[in-house]
2 protein chains.
Amino acid sequence: MSAFSINDLHDVFPFFTREEELRELYDSAIYKVVPSRTLLIREGQYLNSLPLVLNGSIRVFRQYEDREVLLYYVQRGETCIMSLTACFFSAPSQSQAITETETEILLVPTDKIFEWQKKFPAWNEFTLGTFKCRYEELLSAFSDVVFQDIETRLKTYLREYSLKYRTKKVPLTHELIARELGTTRVVISRLLKGMETAGKIKQRRGMIILQ
Amino acid sequence: MSAFSINDLHDVFPFFTREEELRELYDSAIYKVVPSRTLLIREGQYLNSLPLVLNGSIRVFRQYEDREVLLYYVQRGETCIMSLTACFFSAPSQSQAITETETEILLVPTDKIFEWQKKFPAWNEFTLGTFKCRYEELLSAFSDVVFQDIETRLKTYLREYSLKYRTKKVPLTHELIARELGTTRVVISRLLKGMETAGKIKQRRGMIILQ
DNA sequence: GAAGAACGGTGCCTTTTGTTACATAAAGCG
DNA sequence: CGCTTTATGTAACAAAAGGCACCGTTCTTC
């Protein structure tokens, strides 16, 4: 019934090298295709399984009153540390997760997490590595906010988007970028207009084109 | 030669409940007393052991050009996630660690880390829990910086210091607080003077007294 | 193709934060 | 005690960022 094979798994999660590990992942996880813009995890929800992403993108964020903070995106071959700790410590999720696009995921039952954590060093390394990576990202974002002005952060944001998706065309609205950077639309519009006038970018409706 | 017993260990690291675990920690770790203001870990250094703190306090921070960012303090019963990942992934440390006071530590050899990660679920839970905790802290600091003005952050900072050390007397200079919050001394002096005038605090040289 | 929604541009003003420069005061020390 | 260092106070100004209002443009949708 699943639209994927063990070979696919090996491509997506190369840290699982042993046949035994792949087999167990294949057998115990539930395959699921989730439509775009679907709320996967609500705040306060208890989790009984951990999502691994095969394809697509999940946006994980936290709500603070009326503002929200982007934590990270979970993409192909990745997992979600907030879910992992919620599972591991049987605690309610403090963040929310929503699919950005149609997303294929594997749901691993909580008891398997405990088991693998002991049994499969590769899995252990995967989770620890994910944590390390997310921590570094957040730290980098943190020091950017502390030490750099908004224009610099905006330029960095655009550059990283461009690198990540290998395109010079950034299909985001000013409003959206403003929310990501924790500021307001007017500020972003002003800065982008300045950059356009300076010839550093071009703009279309809903689209910023880097040089 | 060590100035501590297995019983001490149990008090400091209550997550190690089994005799076997405590025994192995006791036997394999090296006990060390480090004087105040000693640089324990330099940037770029490779680690072959992980510090656990018995008493005292280690300040872990990262340098960005001429600025520095405080990551966290490692205190009694805690360990350092930056060291953990540096050990685990055999990578050079990207941060620095310095003792704040005279500090008693246990140094656990890297190979034990790998072993315990598999063998002792309690240890696994400890490391994951530490990561979760540090991530939450950083996230909280991040959203404070994004959403709150400096005065609010300063008040939060003082309140938390007060809670942490259970005292109304905060023995920090304006300069030091400014560095922690990523701003300048003048700004902090201005705000504190304002708070003093408003009767919310009192000030002595090198000391802020909360009401 | 008309109405409404979403998107972006901009002027004007306020608030917040940073910078520079200098003054005063307390602590440390020979 | 006088000298030096460190900590703090403050004025004056500059720069960064935010808030509000209102506009025109471009999509969507019916």
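Numbers restart at 1 for each chain; the letters A, B, ... are given by sequence-line order, proteins then strands.
- Put simply, the side chain of B:Arg205 and the base of D:dT8 share no donor and acceptor less than 3.5 Å apart.
- Regarding B:Leu191, its CG atom lies at a distance of 13 Å from the P atom of D:dT10, rounded to whole Å.
- Here the nucleotide nearest the side chain of A:Val187, chosen from D:dG18, C:dG9, D:dT8, is D:dG18.
- The side chain of B:Val186 sits closest to D:dT10 out of C:dT17, C:dG8, D:dT10.
- Residue-level contact check: A:Leu192 touches neither bases nor backbone, having no heavy atom under 4.0 Å from any strand.
- What separates NZ of A:Lys193 from C1' of D:dT25 is a distance of 12 Å, to the nearest Å.
- In this structure, B:Asp149 atom CG and D:dG18 atom C1' are separated by 12 Å, rounded to whole Å.
- With respect to A:Glu68 and A:Arg59, a salt bridge is recorded, a charged nitrogen being found less than 4.0 Å from a carboxylate O.
- Distance from the side chain of B:Arg190 is smallest for D:dA12 among the nucleotides C:dG9, D:dA12, D:dG19.
- Judged by distance alone, with hydrogens and angles left aside, the side-chain atoms of A:Thr103 form a donor-acceptor pair with the main-chain N or O of A:Ser57 at under 3.5 Å.
- Atom NZ in A:Lys155 sits roughly 12 Å away from atom P in D:dA16 (whole-Å rounding).
- For the pair B:Arg190 and B:Glu151, the salt-bridge criterion is not met [side-chain N within less than 4.0 Å of a carboxylate O].
- The side chain of B:Arg185 lies closest to C:dA21 when the candidates are C:dG9, C:dA21, D:dG18.
- Note that CD1 of A:Ile105 and CG of A:Leu54 are 8.5 Å apart. Values are rounded to the nearest 0.5 Å.
- A distance of 5.5 Å separates OG1 in A:Thr79 from CZ in A:Phe126, rounded to the nearest 0.5 Å.
- For the pair B:Gln148 CD and D:dA17 P, the computed distance is 18 Å after rounding to whole Å.
- Proximity of A:His174 to the phosphate of C:dA6: no side-chain N or O atom is located under 4.0 Å from OP1 or OP2.
- The CG-P distance, from A:Leu181 to D:dA16, rounds to 17 Å in whole Å.
- Atoms CG (B:Leu172) and P (D:dT6) sit 18 Å apart, rounded to a whole Å.
- At the phosphate of D:dG9, OP1 or OP2 sits under 4.0 Å from a side-chain N or O atom of B:Gln203.
- Place B:Thr173 and A:Glu151 on DNA chain D by their nearest nucleotides, and B:Thr173 ends up nearer the 5' end.
- Note: CG (A:Leu154) to P (D:dG18) measures 12 Å, nearest angstrom.
- Closest to the side chain of A:Thr184, from the set D:dT8, D:dG19, C:dT17, is D:dG19.
- Side-chain N/O atoms of B:Ser189 include none lying less than 4.0 angstrom from OP1 or OP2 on D:dT10.
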